[in-house]
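First comes the structure, then the notes that go with it.
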2 protein chains.
Amino acid sequence: MARKTGSHSDITGPRVRAAAQRLFARDGFAAVSMRQIAAEVGVQAGALYLYTRDKEALLFDLLKAHMDDVLAHWEAEPKGCAPLDRLEAFVRSHIRFSLARAEAVFLSYMELRNLTPAHFARIEAQRRAYEDQLEAILRAGQEAGVFALPDTKLATMAIIAMLTGVNTWYRDSGRLSQGRVEQIYWDMVRRSVQA
Amino acid sequence: MARKTGSHSDITGPRVRAAAQRLFARDGFAAVSMRQIAAEVGVQAGALYLYTRDKEALLFDLLKAHMDDVLAHWEAEPKGCAPLDRLEAFVRSHIRFSLARAEAVFLSYMELRNLTPAHFARIEAQRRAYEDQLEAILRAGQEAGVFALPDTKLATMAIIAMLTGVNTWYRDSGRLSQGRVEQIYWDMVRRSVQA
DNA sequence: GTCTATAGAAAGATAGAC
DNA sequence: GTCTATCTTTCTATAGAC
C-alpha cells in the first residue's frame, strides 16, 4: 500500500496506533519492528517518528489509553446499591468490556515489562485503581454480612484473574454465547463469595 | 566471569538452560540476546550452539521440561477418592507447585507464541492434558451430585486462571503465608463449585 | 507530512584456530 | 569444548530532499 507525499496527520496518527496495537498483540512488543508497523500503515519507517517519540512511547500511549478507557467505562456503568448487585455489575461489565477490547487487554498484561520504570508506575497505578473498585464492593458486602471472605484483597485478585482468563479462550465462533459465559462466571463468583 | 578452554559439557548445558530461563522470564524471549545468555553463563556466544540448535529450540526445551514436570508432579500427588478431596488436592498442588517454579510457569504462558507451530502444538497438547485432569475431577463431582456446574469445561478454565493468577502477586516476603493462601483459595474454589 | 538514504548499534548464527 | 573473528541481516532513530 504505497503512499505519496501529502498531509494526513489527523488520520495517520490513529492508524499508527491501531497497527501497533494489532502487531504488538499478535507478535509481542519486542518482536515487532518499526518497519513492520510502518508497512502496515503504508508509510515509511521514518514517518512514524512524527507520531511518537520512540517505540516505547508508542506502547505507553496504547496502554495509557486503554486504562483510561477501563476506568471511564466502569464509572459510566449503571450500578445498583446492594453489594451483590454491584458485584454482578462488575463481573458482567468486566467480561463484556474485556472481550470487546481483547487486543488492548492482552497488551496491558503482557507488555508491562517493556515500559520505562516511570511509565510502568503510571499504568500500574491505574490498574490498582481499577482493582480497588472491586475490593471496595467486596469490603462493603463483607461488612454488610452478605459476603464471607477471609481476605478481601486476595478475593479481589482471585476474581479478576478468573474473569480476565476468559480472554485467553473465548471466541465469538465458540460453543457458548457471551451472555451465557457471563452468566456462568457470575454464578461461580457469586457462590465463591457468598456467606 | 571469564572462562578458559576445557571440557564442561555436563555442567554447562544445565547452566545455559538455567540462565536462559531466568533471563527469558525477566525480560522476555524476544528481548534477550544469545550474547546475554552466554555472558550469564560465562562463555562466548558461539559456545551456546553446542547445547542448542538455535534460540527457539532453547525456549522449547525449557517449556517442554516444565510441562513434563507439571504432569509428572500431578501424577505423583497422593489423591483421595472423593471428588471434593481430589479437587482440594488439585488446588493445593497447583498453587504449591506453581509458586515453587515461578519462572517456568511464567514462561509457559507468556512465551508460547515464540515457538514454531510444531513446537507450539506439542506444548499446547500437554497443557490441555493437564487441564483435562481438572475437568475429569469436576465431571466426576458433577455426576456424583456434589458439584453443581452448568459447564465443566468453563469451570476448568475459570479455576485454573484463578489459581495461576497467584503467581502474579505472591511474594514470599508478603503479608500471607503460602499455606494461608492455599487455604483461602481452596475455600473460594470449594464454594464456587459446590451444590 | 512523507520520502529516500543512512548512521550506528546489535542481533543470530557459523568458521576455524587452539 | 571454548575461543576469537566475522558474515549477514536487521534494528532504532535521524538527516535532509521534496
Side-chain angles (χ1 to χ4, degrees), chain A residues 1-24 26-63 111 113-116 118-119, chain B residues 1-24 26-63 107 111 113-119:
Chain A
M1 199 211 269
R3 277 270 292 290
K4 291 308 178 66
T5 297
S7 177
H8 303 280
S9 77
D10 50 341
I11 60 168
T12 305
R15 277 166 52 82
V16 167
R17 284 187 286 280
Q21 173 157 294
R22 214 178 66 78
L23 292 174
F24 289 166
R26 199 189 61 187
D27 300 332
F29 173 79
V32 174
S33 71
M34 295 299 267
R35 282 175 176 80
Q36 271 181 277
I37 298 168
E40 189 84 359
V41 175
V43 299
Q44 294 296 317
L48 296 180
Y49 293 86
L50 295 167
Y51 306 99
T52 183
R53 208 182 68 76
D54 56 24
K55 192 184 171 190
E56 188 269 348
L58 188 49
L59 175 63
F60 173 70
D61 284 346
L62 293 173
L63 299 193
E111 304 295 355
R113 62 179 162 192
N114 290 301
L115 295 173
T116 62
H119 282 164
Chain B
M1 200 210 269
R3 275 268 294 290
K4 292 306 177 69
T5 297
S7 177
H8 302 281
S9 78
D10 49 340
I11 60 168
T12 305
R15 277 165 52 81
V16 167
R17 285 186 285 280
Q21 173 156 297
R22 216 177 65 79
L23 292 173
F24 289 165
R26 198 188 62 186
D27 300 332
F29 173 79
V32 174
S33 71
M34 295 297 269
R35 281 172 176 80
Q36 270 181 277
I37 298 168
E40 189 84 359
V41 175
V43 299
Q44 294 296 316
L48 296 181
Y49 292 86
L50 294 168
Y51 306 100
T52 182
R53 208 182 67 77
D54 56 23
K55 193 183 171 191
E56 188 270 347
L58 188 49
L59 175 63
F60 173 71
D61 284 346
L62 293 173
L63 299 191
L107 273 189
E111 304 296 355
R113 63 178 162 193
N114 290 302
L115 295 174
T116 61
H119 282 164

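Chain naming here is simple, since letters A, B, ... match the order of the sequence lines and numbering starts at 1 in each. Nothing here was measured: the structure is a model prediction, and the numbers come from that model.
- In the helix from C/dG1-D/dC18 to C/dC18-D/dG1, the rotation axis of the first five pairs and that of the last five pairs differ in direction by 0°, rounded to 10 degrees.
- Closest approach of A/E111 to A/F29, counting heavy atoms only: OE2-N, 3.1 Å.
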Output a table of nitrogen or oxygen pairs between the protein and nucleotides 6-11 of chain D separated by less than 3.5 Å.
from   : atom 1 : to    : atom 2 : distance (Å)
D/dC11 : OP1    : A/S33 : OG     : 3.4

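- Taking only side-chain nitrogens and oxygens, A/T12 never comes nearer than 4.0 Å to OP1 or OP2 of C/dG1.
- In this structure, A/L58 atom CG and D/dA13 atom P are separated by 10 Å, rounded to whole Å.
- One atom, CD of A/Q44, and another, P of C/dG1, lie 17 Å apart when rounded to the nearest Å.
- To the nearest angstrom, C1' of C/dA11 lies 12 Å from CD1 of B/I37.
- Of the listed nucleotides (D/dT2, C/dT2, C/dA13), C/dA13 has the atom at the smallest distance from the side chain of B/D54.
- For the side chain to side chain contact (heavy atoms under 4.5 Å, CB included) test, residues two or more places apart in sequence or in another chain that qualify with B/Q36 are B/L23, B/D27, B/V32, B/S33.
- A distance of 8.5 Å separates CG of A/L63 from CD of A/Q21, quoted to the nearest 0.5 Å.
- In this structure, CZ in A/F60 is found 12.0 Å from CZ in A/R53, a value given to the nearest 0.5 Å.
- B/L50 has its CG atom 12 Å from the P atom of C/dT14, to the nearest Å.
- Checking C/dG1, C/dC3, D/dT2 against the side-chain heavy atoms of B/A47 singles out D/dT2 as nearest.
- When atom types are taken as modelled, the side chain of B/E40 and the backbone of B/A19 share no donor-acceptor pair closer than 3.5 angstrom.
- Two residues are said to be in side-chain contact when any heavy atoms from C-beta on lie closer than 4.5 Å; B/L115 and B/E56 meet this criterion.
- Between B/Y49 and the phosphate of D/dC3, there is no side-chain N or O to OP1/OP2 separation shorter than 4.0 Å.
- In this structure, B/L58 and B/R17 have side chains that are in contact, with non-hydrogen atoms separated by less than 4.5 Å.
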Using side-chain contact (heavy atoms from CB on, under 4.5 Å), reason through B/V16 and B/T52 one step at a time and then give a plain yes or no. CA-CA 9 Å; B/V16 167; B/T52 182; 5.7 Å; no
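- The separation between A/R15 atom CZ and C/dT2 atom C1' is 14 Å, rounded to whole Å.
- In this structure, B/F24 and B/K55 have side chains that are in contact, with non-hydrogen atoms separated by less than 4.5 Å.
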